[in-house]
Amino acid sequence: KAGVTQTPRYLIKTRGQQVTLSCSPISGHRSVSWYQQTPGQGLQFLFEYFSETQRNKGNFPGRFSGRQFSNSRSEMNVSTLELGDSALYLCASSFPLDRGDTGELFFGEGSRLTVL
Amino acid sequence: DAKTTQPNSMESNEEEPVHLPCNHSTISGTDYIHWYRQLPSQGPEYVIHGLTSNVNNRMASLAIAEDRKSSTLILHRATLRDAAVYYCILRDSSGGSNYKLTFGKGTLLTVNP
């Protein structure tokens, strides 16, 4: 079956711009979470969505936001980009726990954002 | 979130077993121990997870200490494709669904031919 799909895979923006990243989860998965990966900070949790509702949120400024649609696809948005936002943004999906979730997260290949 | 401690790097030879240690002395009773690995230029990949008992799957084995303060991921025969960063993560299962994973620095495994 198809894995988690993230688009775009690579993008370059300039400071002050905003960016929207998209994530299509594995069919049947209703939980989608987002992570930021940088060489200095490693993998950091951004937020998680389930049934169009944000359930968990990491320690990121309000410039980072997300949403989930009724088909479980998710988008994240970063406004007023800063140089430090350059990173690999990873999306992961999973079955909900009430369906016998094993706890496994399925990650996409990520969207690499470069801010100039 | 409970924290884990792993060696920064380890080296192994191809076809030999690899034991990747993880310390989690502050683990709580509701924390599951998860292992993920990240190959170069890819997203993390689930390897295995467990709560109290040792676990085996097609990829690896997970040995959990009796007091749960440490665990060891065992790759029975390392291949070059196992070269990756391995993350040991505690996931709190209390209070229902919680998909917030706290990744540490992980262990960079190098496999020599």
Side-chain angles (χ1 to χ4, degrees), chain A residues 3-6 9-10 21 23 25-26 29-51 53-60 66 68 74 87-112, chain B residues 1-9 22 27 30-53 55-60 62 64 71 73 84-108:
Chain A
V4 176
T5 304
Q6 292 189 245
R9 290 292 314 281
Y10 302 91
L21 308 177
C23 172
I26 292 173
H29 287 193
R30 291 166 59 195
S31 170
V32 174
S33 51
W34 289 87
Y35 290 79
Q36 181 197 64
Q37 186 171 31
T38 60
Q41 298 298 318
L43 273 155
Q44 293 185 282
F45 174 80
L46 280 158
F47 28 65
E48 184 245 344
Y49 288 86
F50 177 77
S51 292
T53 301
Q54 187 182 89
R55 292 194 302 189
N56 292 282
K57 189 176 189 305
N59 297 321
F60 278 82
Q68 186 180 35
S74 177
L88 180 67
Y89 290 88
L90 291 156
C91 166
S93 74
S94 181
F95 278 114
L97 278 176
D98 61 358
R99 286 188 54 182
D101 175 31
T102 63
E104 178 178 358
L105 291 185
F106 295 83
F107 283 85
E109 293 188 304
S111 294
R112 185 166 295 281
Chain B
D1 294 325
K3 296 293 188 287
T4 63
T5 304
Q6 300 176 253
N8 290 332
S9 62
C22 180
I27 190 171
T30 55
D31 285 333
Y32 278 81
I33 302 160
H34 286 243
W35 284 81
Y36 282 77
R37 71 180 185 181
Q38 188 171 21
L39 281 65
S41 302
Q42 294 188 26
E45 173 188 32
Y46 168 85
V47 177
I48 200 167
H49 80 282
L51 184 62
T52 56
S53 304
V55 185
N56 300 295
N57 66 20
R58 63 176 179 80
M59 288 182 70
L62 176 60
I64 302 172
S71 61
L73 178 71
V85 177
Y86 286 79
Y87 297 98
C88 170
I89 302 158
L90 299 183
R91 178 185 165 193
D92 183 8
S93 63
S94 64
S97 304
N98 186 343
Y99 294 90
K100 176 181 178 179
L101 299 184
T102 301
F103 286 81
K105 298 294 185 185
T107 296
L108 175 62

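These values consider heavy atoms only, across backbone and side chains, with no hydrogens, waters or symmetry-generated copies.
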Please look at A/Leu43 and chain B and tell me whether the side chain, the backbone, both or neither of the residue comes under 4.5 angstrom of a heavy atom of that chain. both

Residues two or more places apart in sequence or in another chain: which of them pass side chain to side chain donor-acceptor pair (under 3.5 Å) with A/Gln54? A/Tyr49

What closest approach, in Å, do A/Leu90 and B/Pro44 show between heavy atoms, and which atom pair accounts for it? CD1-CD, 3.8 Å

About how many Å separate CZ of A/Arg112 and OG of B/Ser41, when rounded to the nearest 0.5 Å? 7.0 Å

Of all heavy-atom pairs linking A/Gln41 and B/Lys105, the shortest is C-NZ, 4.2 Å

What are the two closest heavy atoms between B/Tyr46 and A/Leu105, and how far apart are they? CB-O, 4.1 Å

Give me the atom names and distance for the closest heavy-atom approach of B/Tyr87 to A/Gln37. OH-NE2, 3.6 Å

Can you establish whether the number of heavy atoms outside A/Phe60 located under 6.0 Å from its atom CZ is more than 12? yes

